[in-house]
Amino acid sequence: EVQLVESGGGLVQPGGSLRLSCVASGFTFGSKDMTWVRQAPGKGPEWVSFIHFGGGTTNYADSVKGRFTVWRENAKSTAYLQMNNLKPEDTAVYYCEHRGAWGQGTQVTVSS
């Protein structure tokens, strides 16, 4: 079956950094576009970033552009999200997603 496993979340202070990973299995990762989505408490899902299956095209929500970077290593079936200069409003559960397949998410908490 399709499986996506996110990791790398944690508790950081404002201005800190985290790197999230998404390891995929059960499908041909190198042929699939991937999306990062987050959901904060009391809010619906928010699109964060997109990366084309080849890695050459990326897009970011305005709220994270300039602070977050997405890339992928298809040989490892892994997508990454580097998160710099984190802000309290970045606090959320972060998921990777493709065509309705979601992982369990990883919690990111930004607080002083």
Side-chain angles (χ1 to χ4, degrees):
E1 79 236 38
V2 174
Q3 186 174 22
L4 301 170
V5 180
E6 301 93 338
S7 63
L11 173 64
V12 298
Q13 296 187 12
S17 297
L18 288 171
R19 180 177 293 177
L20 307 184
S21 299
C22 171
V23 179
S25 62
F27 66 102
T28 305
F29 179 79
S31 299
K32 309 299 182 183
D33 303 336
M34 296 298 299
T35 296
W36 285 97
V37 178
R38 67 187 182 186
Q39 187 165 10
K43 297 183 178 180
E46 176 189 12
W47 173 77
V48 174
S49 184
F50 165 87
I51 183 165
H52 185 261
F53 68 83
T57 299
T58 58
N59 289 290
Y60 303 90
D62 288 343
S63 59
V64 307
K65 192 171 185 178
R67 300 187 296 119
F68 291 11
T69 303
V70 63
W71 75 97
R72 63 196 296 161
E73 297 182 5
N74 287 340
K76 297 181 179 180
S77 295
T78 302
Y80 301 91
L81 185 68
Q82 178 68 43
M83 310 164 66
N84 297 328
N85 192 22
L86 284 161
K87 302 177 180 181
E89 52 263 42
D90 295 319
T91 296
V93 179
Y94 284 71
Y95 303 88
C96 57
E97 182 270 343
H98 175 79
R99 302 297 188 189
W102 296 67
Q104 84 290 344
T106 185
Q107 176 71 51
V108 172
T109 302
V110 185
S111 176
S112 60

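Sequential numbering from 1 along the given sequence is applied to the chain's residues.
Counting only heavy atoms from C-beta outward, the side chains of Leu20 and Val108 approach each other to under 4.5 Å. A heavy-atom distance below 4.5 Å is found between the side chains of Val48 and Phe68. Val37 has its side chain out of reach of Tyr94: every pair of non-hydrogen atoms, C-beta onward, lies at least 4.5 Å apart. Residues Pro14 and Lys87 are not in side-chain contact: their nearest non-hydrogen atoms beyond the backbone lie 4.5 Å or more apart. You'll find the side chain of Gln82 reaches within 4.5 Å of the side chain of Ser17, heavy atoms only. Side-chain contact between Lys32 and Arg99 is absent, with no heavy-atom pair separated by less than 4.5 Å. Here the side chains of Thr69 and Tyr60 are in contact, with some heavy-atom distance below 4.5 Å.
A donor-acceptor pair is defined here as one N or O able to donate and one able to accept, closer than 3.5 Å; no such pair exists between the side chain of Glu6 and the backbone of Ser21. Panel note: side chain Glu97, backbone Gly100; a donor-acceptor pair is recorded below 3.5 Å. With Thr57 contributing its side chain and His52 its backbone, the two residues share no donor-acceptor pair below 3.5 Å. At distances below 3.5 Å, not a single donor-acceptor pair connects side-chain atoms of Asn74 with backbone N or O atoms of Gly54. For the pair Thr78 (side chain) and Lys76 (backbone), a donor-acceptor distance under 3.5 Å is present. Using modelled atom types, one side-chain atom of Thr106 and one backbone atom of Gly9 make a donor-acceptor pair closer than 3.5 Å.
Atom CD of Gln13 sits about 7.0 Å away from atom OG of Ser112, to the nearest 0.5 Å. Rounding to the nearest 0.5 Å places CD1 of Ile51 at 10.5 Å from CH2 of Trp36. Here CG of Asp33 is found 12.0 Å from OG1 of Thr58. Values are rounded to the nearest 0.5 Å. For the atom pair CG of Leu4 and OG of Ser77, the computed distance is 10.5 Å after rounding to the nearest 0.5 Å. Atom CZ of residue Arg67 and atom CG of residue Asn85 lie 6.0 Å apart, to the nearest 0.5 angstrom. We find the OH-SG distance between Tyr80 and Cys96 to be 12.0 Å, quoted to the nearest 0.5 Å.
Taking the ring axis of Phe29 as reference, the NZ or CZ atom of Arg72 stays within 45° of it and closer than 6.0 Å to the ring centre.
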**OP:** I would like to know whether Ser63 and Glu89 meet side-chain contact (heavy atoms from CB on, under 4.5 Å); could you show each step before the answer?
**Re:** CA-CA 9 Å; Ser63 59; Glu89 52 263 42; over 6 Å; no
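When hydrophobic clusters are built by joining Ile, Leu, Val, Met, Phe, Trp and Tyr residues whose side-chain heavy atoms come closer than 4.5 Å, directly or via intermediates, Trp102 is grouped together with Val93.
One finds a salt bridge joining Asp90 and Arg38 here, because a Lys/Arg side-chain nitrogen approaches an Asp/Glu carboxylate oxygen to under 4.0 Å.
Contact between Leu18 and Gly8 at its shortest, heavy atoms only, is CD2-O, 3.7 Å.
Ring pair Phe27/His98 is parallel by interplanar angle, where below 30° counts as parallel and above 60° as perpendicular.
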